[in-house]
Amino acid sequence: EVQLVESAGGLVQAGGSLRLSCRVSGSTFNDYTIGWFRQAPGKEREGVSCISGMDGSTYYPDSVKGRFTISSDTAKSTVYLQLNSLKPEDTAVYYCAADQFYEVACGRSSLKPDYWGQGTQVTVSS
């Protein structure tokens, strides 16, 4: 079974930056795609980025493209999400997730990833 542990989020001003990390354990890192999702109050959970453990392919929806960057350190079994140029509408609980299917882990499927972290709050003030 895969365990995912996210770093603490935080409170930042609009235009600021934050880096989240997700440590992956319990399985071979390369077997999974790791995705980041977020859920704002009253809204559905949405995928904001993902990275394939097999070939490093990444995906970003238009809402975060050019502002968020996902990366991985396989030696540390950790995936990072760099959030730049933050906006108040980026305020949400951010979750990392893992699935063996790329489209699922990227939030591009009706199916949900098999494994989830506990979530971490990111608040962007205006």
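Heavy-atom basis, side chains included; hydrogens, waters and symmetry copies ignored.
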> E103: what forms a salt bridge (charged side-chain N to carboxylate O under 4.0 Å, His left out) with it, not counting sequence neighbours?
Replying inline: R108
> Are I51 and L4 joined in one hydrophobic group, where the rule is that I, L, V, M, F, W and Y side chains link up if heavy atoms are under 4.5 Å apart?
Replying inline: yes
> Hey, is the main chain of E44 close enough, under 3.5 Å, to the side chain of E46 for a donor-acceptor pair?
Replying inline: no
> Given the rule that I, L, V, M, F, W and Y join up when any side-chain heavy atoms are under 4.5 Å apart, are L81 and V24 in one cluster?
Replying inline: yes
> Does Q39 have any side-chain hydrogen bond (donor to acceptor under 3.5 Å, both in side chains) partners at least two apart in sequence or in another chain, and if so, which?
Replying inline: R45
> What's the spacing between I34 CD1 and T58 OG1 if we round to 0.5 Å?
Replying inline: 14.0 Å
> Do the side chains of V64 and V79 join up, straight or via other hydrophobic residues, at under 4.5 Å, putting them in one cluster?
Replying inline: yes
> Which residues pass the side-chain hydrogen bond (donor to acceptor under 3.5 Å, both in side chains) test with R23, sequence neighbours left out?
Replying inline: none
> Same hydrophobic cluster for V122 and I70, using side-chain heavy-atom links shorter than 4.5 Å among ILVMFWY?
Replying inline: yes
> Side-chain contact, heavy-atom cut-off 4.5 Å: V124 with L83?
Replying inline: no
> Which pairs count as disulfide (SG to SG under 2.5 Å) when at least one residue sits in residues 60-90, sequence neighbours excluded?
Replying inline: none
>> Any non-hydrogen side-chain atom of Y32 less than 4.5 Å from a side-chain atom of V2?
In response: yes
>> Can you give me the closest heavy-atom contact between S126 and A14, atom names plus distance?
In response: CA-CB, 4.3 Å
>> Show the nearest heavy-atom pair for residues S17 and N84, with the distance to one decimal.
In response: OG-OD1, 2.9 Å
Sequence neighbours left out, cut at 3.5 Å: what donor-acceptor pairs do the side chains of residues 109-117 make with other protein atoms?
residue	atom	partner	partner atom	Å
S109	OG	L111	N	3.0
W116	NE1	P113	O	3.0

>> Show me the pairs that pass disulfide (SG to SG under 2.5 Å) and involve residues 81-126, at least two apart or across chains.
In response: C22-C96, C50-C106
>> Using a 6.0 Å cut-off, check whether atom CD of Q118 has over 12 heavy atoms from anything other than its own residue.
In response: yes
> Closest approach of T33 and S52, non-hydrogen atoms and distance?
Replying inline: OG1-CA, 3.6 Å
> side-chain hydrogen bond (donor to acceptor under 3.5 Å, both in side chains) with S63: which residues, sequence neighbours excluded?
Replying inline: none
> Can you list every pair that meets salt bridge (charged side-chain N to carboxylate O under 4.0 Å, His left out) and has a residue in residues 48-63, with sequence neighbours left out?
Replying inline: D62-K65
>> Suppose we screen for side-chain hydrogen bond (donor to acceptor under 3.5 Å, both in side chains). Which residues come up paired with S7, at least two apart in sequence or across chains?
In response: S21
>> If you define the side chain from C-beta out and look only at heavy atoms, does anything of V93 sit under 4.5 Å from Q121?
In response: yes
> For residues 66-76, which residue pairs qualify under side-chain hydrogen bond (donor to acceptor under 3.5 Å, both in side chains), counting only residues two or more places apart or in two chains?
Replying inline: R67-D90
>> Under the ring-ring contact (aromatic ring centres under 6.0 Å, His included) definition, can you give me all pairs with a residue in residues 71-110, not counting sequence neighbours?
In response: none
>> Could you see if L18 belongs to whatever hydrophobic cluster contains W36? Use Ile, Leu, Val, Met, Phe, Trp, Tyr and a side-chain cutoff under 4.5 Å.
In response: yes
